[in-house]
Amino acid sequence: MSSHLTRLAAAAVLPALLATSGTAVAADRNAHPFGLGVIVGQPTGLSGKVYLDRRAQAVDFAVATTPWAGVYGHATYLWHPSVLASGQNVDLEWHLGVGGQAWTRRWLESPPERSPYGVGDGDVAVGVRVPIGLDVNLGDPRLQFFGDIAATGYVVPEPRPGFDAAVGARYYF
């Protein structure tokens with residue numbers, strides 16, 4: 001008789017635990033708004049993200065080096081309109097944003113006259129960045145994978161359109 005009661009209790013408790021597990025994960029994610037990790041592609045370097053309010057708005061940033069730039073950096077305001085898919089231990093969210101980017105040209109060996117973007121040695125390029133991307137939030141609320149594609153436009157020194165794409169991972173503190 002006791003094994004029957006144990007099975008009945010497990011059958012009643014298990015759905016309740018599964019129903020609240022998503023809420024607990026979301027609450028844990030809200031408790032850890034700052035993430036730091038790596039980004040690979042264009043750019044390749046360090047990536048960070050700070051959620052501003054209940055994970056609907058955030059600011060992300062990256063600091064990197066590239067073959068044609070000494071130091072690259074961007075900061076982007078992101079909006080997370082909705083969750084595309086949600087399953088056991090994973091959420092797939094999309095985001096879009098707008099921000100700025102800058103890089104400085106520093107060649108270590110005989111530099112060419114100008115870079116593909118019209119930036120010479122020692123120049124600084126400044127522009128806008130408009131990304132759209134995906135965030136894969138795992139059951140562990142502190143781990144996130146992401147990917148972005150971004151339309152870019154340099155304003156200084158010469159107006160030029162561009163395109164960036166990168167993937168990465170962050171750990172939230």
Side-chain angles (χ1 to χ4, degrees), residues 25 29-30 32-87 89-108 111-112 114-121 123-173:
V25 168
R29 285 191 181 124
N30 289 331
H32 305 285
F34 174 71
L36 191 61
V38 296
I39 188 168
V40 178
Q42 178 52 38
T44 296
L46 296 176
S47 172
K49 188 171 186 178
V50 177
Y51 282 95
L52 304 175
D53 68 344
R54 301 204 185 274
R55 306 193 65 91
Q57 300 176 53
V59 173
D60 86 330
F61 61 90
V63 176
T65 61
T66 66
W68 60 86
V71 176
Y72 166 92
H74 76 242
T76 311
Y77 168 81
L78 297 176
W79 176 52
H80 301 78
S82 65
V83 175
L84 294 174
S86 185
N89 295 324
V90 66
D91 290 333
L92 181 63
E93 298 178 321
W94 72 285
H95 60 261
L96 59 109
V98 64
Q101 62 182 358
W103 51 274
T104 180
R105 177 76 171 229
R106 290 283 179 221
W107 287 94
L108 299 177
R114 307 291 276 178
S115 79
Y117 293 104
V119 180
D121 194 36
D123 288 348
V124 174
V126 178
V128 296
R129 181 174 188 270
V130 181
I132 186 167
L134 295 173
D135 293 332
V136 179
N137 301 308
L138 300 179
D140 178 351
R142 292 183 169 207
L143 185 59
Q144 178 184 70
F145 296 95
F146 65 93
D148 282 339
I149 57 172
T152 61
Y154 289 99
V155 180
V156 173
E158 299 174 13
R160 259 177 218 253
F163 173 80
D164 292 341
V167 296
R170 293 186 195 102
Y171 182 81
Y172 285 81
F173 299 92

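The residues of the chain are indexed from 1 along the displayed sequence.
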Any side-chain heavy-atom pair of [X] and [Y] under 4.5 Å:
| X | Y | value |
| --- | --- | --- |
| N89 | L138 | no |
| W103 | P43 | no |
| V71 | T104 | yes |
| F163 | I149 | yes |
| L92 | L134 | yes |

Identify which one of D164, T76, T152 satisfies the side-chain hydrogen bond (donor to acceptor under 3.5 Å, both in side chains) criterion when paired with R129.
T76
As a test of understanding, state which of R142, H32, Q144, K49 forms a side-chain hydrogen bond (donor to acceptor under 3.5 Å, both in side chains) with Y172.
Q144
I need the E93 CD to S86 OG distance, nearest 0.5 Å.
9.0 Å
If I take atom OH from residue Y171 and atom CG from residue D140, how far apart are they, to the nearest 0.5 angstrom?
6.5 Å
Please find the pair of heavy atoms, one from [X] and one from [Y], that lie closest to each other, and give the distance.
| X | Y | answer |
| --- | --- | --- |
| L96 | P81 | CD2-CG, 4.4 Å |
| Q101 | G153 | NE2-N, 4.4 Å |
| L78 | G97 | CD2-CA, 4.0 Å |
| G133 | D148 | CA-OD1, 3.6 Å |

Pair V98-V128, side chain to side chain contact (heavy atoms under 4.5 Å, CB included): steps then yes or no
CA-CA 7 Å; V98 64; V128 296; 5.7 Å; no
Could you check I132 against W94 for side chain to side chain contact (heavy atoms under 4.5 Å, CB included), going step by step and ending with a plain yes or no?
CA-CA 7 Å; I132 186 167; W94 72 285; 4.1 Å; yes
Pairing residues for H80 by the ring-ring contact (aromatic ring centres under 6.0 Å, His included) criterion, not counting sequence neighbours
Y51, H95
What do the steps show when you test V156 against V124 for side chain to side chain contact (heavy atoms under 4.5 Å, CB included), and what is the final call?
CA-CA 8 Å; V156 173; V124 174; over 6 Å; no
Partner set under side chain to side chain contact (heavy atoms under 4.5 Å, CB included) for F34, not counting sequence neighbours
L36, V50, F61, F173
F146 and its side-chain contact (heavy atoms from CB on, under 4.5 Å) partner, picked from I39, N137, V167, V136
I39
